[in-house]
Protein chains: 2
Amino acid sequence: MPKSINRTYSRYTREATRLLGQMIKLKRTKRKITAKDLAERAGISRGLLQRIEKGDLKCEIGVVFELATLVDIKLFDADNSSLTGHINRTEETLALLPKHVRNTKEVDDEF
Amino acid sequence: MPKSINRTYSRYTREATRLLGQMIKLKRTKRKITAKDLAERAGISRGLLQRIEKGDLKCEIGVVFELATLVDIKLFDADNSSLTGHINRTEETLALLPKHVRNTKEVDDEF
DNA sequence: TTATTATGATTCATATACAGAGCATTAATA
DNA sequence: TATTAATGCTCTGTATATGAATCATAATAA
């Protein structure tokens with residue numbers, strides 16, 4: 001039973017989401033694609049596209065990334081179009097680290 | 001009434017989301033922060049953190065970005081910590097473009 | 001080894017994000 | 001100018017993501 005949720009977001013989070021939405025709108029406009037058309041292409045409603053372009057924090061990340069992909073925005077600047085290499089390398093690094101993290105009870109430098 | 005939804009995602013979208021989740025887990029592990037602790041810090045449940053680290057596409061973008069921020073991942077490589085400049089510049093560019101996009105009925109180069 | 005904590009996975013109830021429709025306003029073209 | 005499509009809003013019902021609880025397993029530290 002999720003208690004009524006009221007999240008707080010850092011400024012950076014809000015700005016990053018806002019910027020991504022703006023970039024989508026910018027690219028869409030430059031390409032002369034209507035909101036209706038892009039929404040259809042992404043399989044979402046026009047209303048949702050509007051919220052995303054405004055930087056709404058509560059939208060599915062998959063949909064936002066899909067829109068970015070459709071208008072040709074490169075997330076994670078990678079030379080090639082595939083992120084598989086990145087993923088594999090991260091996976092390997094992760095495999096070398098301890099599987100569990102032990103909580104040192106001292107007040108540490110976590111944050 | 002949302003009809004039962006079944007989205008499709010491009011490979012790039014899936015990989016980008018997956019990579020971001022992995023990076024969060026990697027940074028968290030390197031810093032020896034437990035999943036429980038990071039979840040608490042972000043104001044979310046441990047289950048949700050798990051889904052995000054696995055690359056679940058249906059999580060709120062705000063929460064994912066907040067986690068990334070907490071473990072010090074830079075989205076949109078910007079020299080300074082603020083994205084305000086970026087936002088303003090995008091805003092200005094957008095202001096110069098036509099407010100409405102007109103749909104040319106020809107089959108065009110949209111995609 | 002043993003004790004204890006972290007992780008992974010599942011289930012359920014509910015808060016909420018979504019699609020769809022409608023309406024008013026704006027602005028591009030003819 | 002007039003026409004008409006695009007955009008920006010609201011609102012409502014419902015599909016679904018989330019918090020909480022639980023259990024099993026893994027793995028760290030003593």
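Scope of the values below: all heavy atoms of this structure, side chains included, with no hydrogens, waters or symmetry mates. Lettering follows sequence order; numbering is per chain, from 1. The shown structure was predicted, so the numbers you read here are calculated from the model rather than taken from an experiment.
- Proximity of B:Lys58 to the phosphate of D:dT18: no side-chain N or O atom is located under 4.0 Å from OP1 or OP2.
- Electrostatic pairing of A:Arg7 and B:Glu60 counts as a salt bridge here, judged by a charged N lying under 4.0 Å from a carboxylate O.
- The line from CG of A:Leu75 to CG of B:Leu20 is 9.5 Å long, rounded to the nearest 0.5 Å.
- Of the candidates C:dT4, D:dA6, D:dG19, C:dT4 carries the atom nearest the A:Arg102 side chain, counting heavy atoms from C-beta on.
- Considering every non-hydrogen atom in both A:Thr29 and B:Pro98, the closest pair reads CG2-O, 3.8 Å.
- Note: B:Ile52 CD1 to B:Lys25 NZ = 13.0 Å, rounded to the nearest 0.5 Å.
- Atom-to-atom, NZ of B:Lys32 to C1' of C:dT7 comes out at 16 Å; the value is rounded to the nearest Å.
- Whole-Å rounding puts the B:Glu53 CD to C:dG8 P distance at 7 Å.
- A:Leu94 has its CG atom 13 Å from the P atom of D:dA27, to the nearest Å.
- A heavy atom closer than 4.0 Å to some atom of DNA chain D occurs in no member of residues 8-19 of chain A.
- Rounding to the nearest 0.5 angstrom, the gap separating the CD1 atom in A:Ile24 from the CG atom in A:Leu38 is 8.0 Å.
- Residue B:Leu57 contributes atom CG, which lies 15 Å from atom C1' of D:dT16 at whole-angstrom precision.
- Residue A:Arg46 places a side-chain atom within donor-acceptor reach of the base of D:dG8, judged by atom type and a 3.5 Å distance cut-off alone.
- OP1 or OP2 of D:dG8 has at least one side-chain nitrogen or oxygen of A:Lys25 nearer than 4.0 Å.
- Residue B:Arg28 has a polar side-chain atom (N or O) positioned under 4.0 Å from OP1 or OP2 of C:dT7.
- Atoms CD1 (B:Ile61) and C1' (D:dA17) sit 16 Å apart, rounded to a whole Å.
- At most 12 heavy atoms of other shown residues, nucleotides or ligands fall within 6.0 angstrom of atom NZ in A:Lys54.
- Comparing A:Val101 and B:Val101, the nucleotide of DNA chain C nearest to each residue sits closer to the 5' end for A:Val101.
- Atom CD1 in A:Ile5 sits roughly 13 Å away from atom C1' in D:dA20 (whole-Å rounding).
- Considering only side-chain N and O atoms, B:Thr29 lies nowhere under 4.0 angstrom from the phosphate OP1 or OP2 of C:dA6.
- Contact annotation: A:Lys54 reaches the phosphate of D:dC9 (side-chain N/O to OP1 or OP2, under 4.0 Å).
- Of the residues near DNA chain D, A:Ala35 and A:Glu60, the one whose nearest nucleotide (by heavy atom distance) lies more toward the 5' end is A:Ala35.
- Along DNA chain C, the nucleotide nearest to B:Gly47 and the one nearest to A:Ile44 differ in position, and the one closer to the 5' end is contacted by B:Gly47.
- Minimum atom distance to the side chain of A:Leu48 is reached by C:dC18, of the listed C:dG8, C:dC18, D:dG19.
- Side-chain N/O atoms of B:Arg51 include one lying less than 4.0 angstrom from OP1 or OP2 on D:dT18.
- Between atom CD of residue B:Glu40 and atom NZ of residue B:Lys36 there is a gap of 4.5 Å, rounded to the nearest 0.5 Å.
- Between the P atom of C:dC18 and the CG atom of A:Leu67 lies a distance of 11 Å, rounded to the nearest Å.
- Distances shorter than 4.0 Å separate some side-chain N or O of A:Arg7 from OP1 or OP2 on D:dG19.
- For A:His100 and D:dT28, a side-chain-to-base donor-acceptor distance below 3.5 Å is absent, hydrogens and geometry of angles not being considered.
- Annotation for A:Lys58: atom NZ counts as buried by contact number, over 12 foreign heavy atoms lying within 6.0 Å.
- Atom CG in B:Asn103 sits roughly 13 Å away from atom P in C:dA30 (whole-Å rounding).
- DNA chain D is contacted by both B:Asn6 and B:Gly43; B:Asn6 maps to the nucleotide lying nearer its 5′ end (nearest heavy atom per residue).
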